[in-house]
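To start, the structure under review is shown below, and the notes come after it.
Order of appearance sets the numbers: ligands from 1, and atoms from 1 within every ligand. Treat the numbers as computed from the prediction; the structure is a model and nothing was measured.
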Amino acid sequence: MTAGESFPRPLLDAAGKRRLLRGRLAESGLLRLPGAFNPLVARLVAATGFDGVYVSGGALSAAAGLPDIGLTTATEVAGWAAPIAAATDLPTLADADTGFGEPVNVARTVASLEDAGLAGCHLEDQVLPKRCGHLDGKTLVGRDEMVHRLRAAVAGRRDRDFLLIARTDARGVEGLPAAIDRARAYVDAGADAVFPEALADEAEFAAFRAALDVPLLANMTEFGKGPLLTADTLRGLGYNLVIYPVSTLRLAMGAVESGLRRIAADGTQAAVVAPMMTRSRLYDLVGYAHYAQVDADIASFTLPPDA
Ligand SMILES: C[C@](O)(C(=O)O)[C@H](CC(=O)O)C(=O)O
Ligand SMILES: [Mg+2]
């Protein structure tokens with residue numbers, strides 16, 4: 001989408017987006033999914049040519065003024081993710097943290113994310129209260145408990161195309177071989193894909209690829225434990241999905257903070273108008289022209305005289 005174009009309503013329904021994602025995963029290649037912390041950002045993700053949208057637990061909780069330690073509820077996450085997923089024709093993956101409870105809760109979480117229009121989600125093997133995967137001091141549930149979580153997720157899913165991604169946080173807690181063993185057990189339990197969290201270097205990414213046949217997701221989060229690998233490198237390593245989970249929030253918040261400081265110091269926003277998104281670009285993204293046209297069509301509609 002370029003400036004001047006309106007943004008019509010997405011044409012694909014949730015099932016169509018799930019099929020699209022499954023189809024694209026079956027092709028070899030890397031799908032890139034930046035995080036969107038609201039529907040407007042999702043529109044920009046689509047407009048800038050990405051393959052999908054990611055809904056980050058870290059970004060959603062930060063946007064709500066909360067730390068990413070599992071304070072948000074399944075209902076909140078599904079409620080925030082739904083309009084993000086509905087904002088574009090792209091498949092959207094959600095961060096379902098630990099699944100928000102016991103296995104029965106996990107089953108319901110998956111069903112509600114499906115109802116919210118998501119194309120898939122990831123579930124992790126941490127205990128509650130959880131932490132960002134790139135912090136120290138994480139605690140894991142036992143492998144069997146995570147297997148139960150995943151079996152419950154499979155049972156909760158109605159659309160078989162809904163992508164269930166098992167995230168293991170074990171690398172930083174139990175080491176790489178144990179993380180790989182856990183991931184194998186998670187695939188046996190029904191996970192469609194694996195998200196190895198906080199790997200240290202390219203060799204570790206390669207070791208996961210060599211050990212597993214399912215699609216793999218790479219987390220390129222900034223200020224984390226691992227290197228920021230390029231899309232070409234990840235493609236070469238055989239990864240299938242990459243998320244940039246908190247990048248858009250960090251970019252936006254950096255700009256908001258420096259802009260506010262400028263306005264406070266100068267007594268006017270004159271110096272920071274240039275980097276702002278313009279009114280017309282904003283209107284493009286929200287489909288202003290499209291809604292105005294719908295309104296005009298309705299206002300000018302008259303019934304034929306013999307009706
Ligand atoms: C991917 C992640 O789970 C998220 O919530 O976006 C976080 C990202 C981050 O905190 O940088 C993570 O635990 O890696
Ligand atoms: Mg998270």
Does ligand 1 have any atom sitting under 4.0 Å from a heavy atom of Tyr54? yes
Out of curiosity, is Glu222 lining ligand 1, as in a heavy atom under 4.0 Å away? no
Give, for atom [atom1] of [X] and atom [atom2] of [Y], the distance between the pair rounded to the nearest 0.5 Å.
X: Thr168; Y: Leu140; atom1: OG1; atom2: CG; answer: 6.5 Å
X: Leu31; Y: Arg235; atom1: CG; atom2: CZ; answer: 9.5 Å
X: Gln269; Y: Met276; atom1: CD; atom2: CE; answer: 5.5 Å
X: Phe162; Y: Arg157; atom1: CZ; atom2: CZ; answer: 8.5 Å

Could you list which atoms of ligand 1 come closer than 4.0 Å to a heavy atom of [X]?
X: Glu197; result: 12 (C), 13 (O), 14 (O)
X: Gly58; result: 4 (C), 5 (O), 6 (O)
X: Arg250; result: 11 (O)
X: Asp68; result: 5 (O)

Nearest heavy atom to atom 1 (C) of ligand 1: which of Val55, Asp169, Asn219 does it belong to? Asn219
Min over Gly35, Ser56, Ser247, Ala94 of heavy-atom distance to atom 4 (C) of ligand 1 lands on Ser56
Which heavy atom in Ala185 sits nearest to a heavy atom in Arg143, and how many Å separate them? CB-CD, 3.7 Å
Between Ala36 and Val41, the two heavy atoms sitting closest are CA-CG1, 3.7 Å
Return the residue, atom name and 0.1 Å-rounded distance of the protein heavy atom closest to atom 11 (O) of ligand 1. Thr221 OG1, 2.5 Å
Name of the residue among Asp159, Asp161, Thr92, Asp13 meeting side-chain hydrogen bond (donor to acceptor under 3.5 Å, both in side chains) with Arg18: Asp159
I'd like the atom name of the N/O/S atom in Asp95 lying closest to the Mg ion (ligand 2). OD2
